Amino acid sequence: MNGIGSTLKTVWRIAAPYFRSEDKWAGCVLLASVIGIELATVAIDVLLNQWRNRFYNALQERSWDTFVSEIIYFTVIVTIFIAIAVYQLYLNQWLQIRWRKWMTSRYLGAWMTDAAHYRMQLQGDAADNPDQRITDDVKLFVDRTLTLGLGLLNSVVTLVSFVVILWGLSDAAPFHLFGKEIAIPGYLVWSALIYAAIGTWLTHVIGHPLVGLDYRQQQYEADFRFNLIRVRENSEQIALLHGEAAERQRLMDKFGQVVENWMGIMSRTKKITAFTASYSQASQIIPYILVAPAYFANRTQLGGMMQAASAFLSVQGALSFFVSAYRTLAEWQAVVARLDGFEQGIAAAKALADNSGSIRPVAAADGSAIALNDLLLTLPNGKPLVEASGFNLRSGERTLVTGPSGSGKSTLFRAIAGIWPFGKGTIAIPKGASLMILPQRPYFPVGSLASAITYPSKDETYSAAQLGEVLKLVGLPALIARLGEEGHWNRTLSLGEQQRLGIARALLHTPQYLFLDEATASLDEPSEALLYRLIVEKMPQTTIVSIGHRSTLEAFHQREVSLVRSGDRFTIGDKERPVAAT
């Protein structure tokens, strides 16, 4: 686990960009305001420390007028303190939400740009559960960074302010031992320093395993939540297979990791709480033990003893910042490590796409065809998969791609789409050409049916009449009345209906190149034939490339491409077909 120095460098790298962003002025003003209020609270603490001397002396001397004036003074100071404390919390929360909004937007932008989210999965997704990192970890990072940063600032300023006071009080209430006065300049300061140093060291010895435990706890919690979501998303398949018992056991195994790690946190927290509670309680009495002999020797008044005790506790508290905040520090360090891992995962995905030794997209020379030149697709482990050199997808032509399962047909589509980075060679695509790939199970965002059909375009891109027309064409007229209905369409519609909606999406967007990856495989042959005729009729200028295993698809394509095994890889062989009568 990273040391504190490395963690601070990482924190600076993660946090600093916000204060250089387009929101920097608002962020800096809010941060300066919060810091200013924090300094004001320290100043009030100093005033209250001086007040204790006067107040308790008034009690000792039974001075009613002084007592009343000090009560009024205390009321005014405390009223000011309450007012600025309220606004500090308000401004702190305002800064948190602005900072979190900016970081969330930044991480979403990096994660959802150029298929980085997909490439991170291809690399094994070392930055597991990105949903948690963008939600919980960003929130905790902002909150804990401000909390700890302001706490540290408070401790430093408090230390500087009260050390001077405590040093002077050490002379006013000199150290006594066995009735004898011993001259030790600033003995109260040195006592607080030694006490805090021992406490900090012991706290670290007892509590340092919490950093790793907190890191793993967040990981296990996210894994458990992710698997619960997967059960919900695949409830139909689980029910059909009567897999409830297996899923319940698998989920309880995941939750078992949560419980086991939590027990470790409980054990370690119990130890550190026992020590810090003892440390905190002992610190309340130590200053009185140190100053009481001078008081009973009439070397200081009651007010001086109370002021010294208060100043001692302030100095000791400032020096003991890491003791009191250790649990929060451990959690914060785990959050920083997770965000750092997420950033590294995004950077690695980008580097994978930019790697000069990988597949390179280029602009087609003649602008009329997609050309694969010296192309070799490999698996992530480097094993050869598909070799396609000198192969072209000519504009306006309909091509059927066949081959055994696992031969790399879908991977070839991914490479043409620009999201498969493993391999070498070039893929030349006409400049400005629009491509659409329809998989066997299309994706529909949760929302209105209209937004599901028009995705990734906005709803208003197409009129209700256009949407209704394509629904009729693909055989789903019953869905026209539900265009404004919100739903999870991947769950509520059958796979066949989803595939029809996928074709409707293609008809709306009319791309120049349409790749169908078994996009009609769940339909019966007559329905599939109807949709292919529809595509040919409504999209005559579109280049169609299909993956399919049914022989009936041959009638709708002018060319067949077959992936055949050649040694340790598959190669492309194709034959021309006469234009089919569709």
Side-chain angles (χ1 to χ4, degrees), residues 234 236-237 240-241 370 372 375 377-379 383-388 391-394 397-417 419-420 423 435-443 474-475 490 493-507 511 513-537 539 542-582:
N234 297 280
E236 180 182 359
Q237 294 91 323
L240 289 172
L241 293 170
I370 293 178
L372 314 183
L375 183 66
L377 304 183
T378 67
L379 297 174
K383 182 180 178 181
L385 182 60
V386 176
E387 184 178 352
F391 175 70
N392 295 337
L393 294 172
R394 294 184 287 269
E397 194 172 53
R398 301 189 297 277
T399 302
L400 177 63
V401 179
T402 61
S405 297
S407 59
K409 301 183 296 296
S410 297
T411 303
L412 182 62
F413 277 20
R414 297 184 190 112
I416 293 172
I419 66 172
W420 187 264
L435 281 72
M436 177 179 285
I437 296 182
L438 294 183
Q440 187 172 2
R441 183 180 291 274
Y443 167 74
V474 299
N490 282 111
L493 299 178
S494 69
L495 187 53
E497 290 173 318
Q498 292 177 43
Q499 291 186 343
R500 288 177 185 269
L501 279 185
I503 299 299
R505 179 184 290 169
L507 292 174
Y513 291 87
L514 178 62
F515 295 82
L516 303 169
D517 188 354
E518 299 190 70
T520 56
S522 294
L523 299 171
D524 57 79
E525 292 184 3
S527 297
E528 182 178 59
L530 178 64
L531 290 179
Y532 264 94
R533 290 192 186 96
L534 184 64
I535 292 171
V536 172
E537 176 187 348
M539 305 168 65
T542 298
T543 302
I544 310 295
V545 186
S546 304
I547 293 175
H549 298 284
R550 291 175 177 171
S551 59
T552 51
L553 290 177
E554 296 176 0
F556 302 98
H557 297 83
Q558 301 151 306
R559 181 186 186 193
E560 182 179 345
V561 171
S562 181
L563 270 66
V564 296
R565 179 168 288 281
S566 177
D568 61 350
R569 66 199 65 181
F570 289 87
T571 58
I572 292 180
D574 67 280
K575 55 184 178 180
E576 302 291 336
R577 291 183 173 279
V579 177
T582 57

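Bear in mind that the values here come from a model prediction, so they are computed numbers and not experimental data. Quick note: residue numbers are just sequence positions, from 1.
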Is [Y] close to [X] at the side-chain level, that is, under 4.5 Å between some pair of heavy atoms?
X: Leu501; Y: Leu493; result: yes
X: Leu435; Y: Phe515; result: yes
X: Leu372; Y: Ile416; result: yes
X: Leu375; Y: Leu412; result: yes
X: Leu516; Y: Tyr532; result: yes
X: Gln440; Y: Gln499; result: yes
X: Leu385; Y: Trp420; result: no
X: Glu387; Y: Ser566; result: no

Measure across [X] and [Y] and return the closest heavy-atom pair with its distance rounded to 0.1 Å.
X: Ala506; Y: Pro511; result: O-CD, 3.6 Å
X: Lys409; Y: Thr402; result: CD-C, 3.7 Å
X: Phe570; Y: Gly406; result: CE1-O, 4.0 Å
X: Ser410; Y: Asp517; result: OG-OD2, 2.7 Å
X: Tyr443; Y: Arg505; result: O-NH2, 2.9 Å
X: Arg500; Y: Leu531; result: CG-CD1, 4.3 Å

Rounded to the nearest 0.5 Å, how far does [atom2] of [Y] lie from [atom1] of [X]?
X: Ile535; Y: Ile503; atom1: CD1; atom2: CD1; answer: 4.0 Å
X: Thr411; Y: Leu379; atom1: OG1; atom2: CG; answer: 7.5 Å
X: His557; Y: Ile544; atom1: NE2; atom2: CD1; answer: 7.5 Å
X: Ile370; Y: Thr399; atom1: CD1; atom2: OG1; answer: 10.0 Å
X: Glu537; Y: Leu507; atom1: CD; atom2: CG; answer: 10.0 Å
X: Glu397; Y: Thr542; atom1: CD; atom2: OG1; answer: 14.0 Å

Show your working on side chain to side chain donor-acceptor pair (under 3.5 Å) between Thr520 and Arg550 and close with a plain yes or no.
-> CA-CA 10 Å; Thr520 56; Arg550 291 175 177 171; 5.6 Å; no

Chi angles and distances behind the side chain to side chain contact (heavy atoms under 4.5 Å, CB included) call for Ile572, Leu563 = CA-CA 5 Å; Ile572 292 180; Leu563 270 66; 4.0 Å; yes

Under the side chain to side chain contact (heavy atoms under 4.5 Å, CB included) criterion, do Asp568 and Lys383 qualify, and how do the steps go?
-> CA-CA 8 Å; Asp568 61 350; Lys383 182 180 178 181; 5.8 Å; no

Exam field: side chain Gln558 to backbone Arg398, donor-acceptor pair closer than 3.5 Å | yes

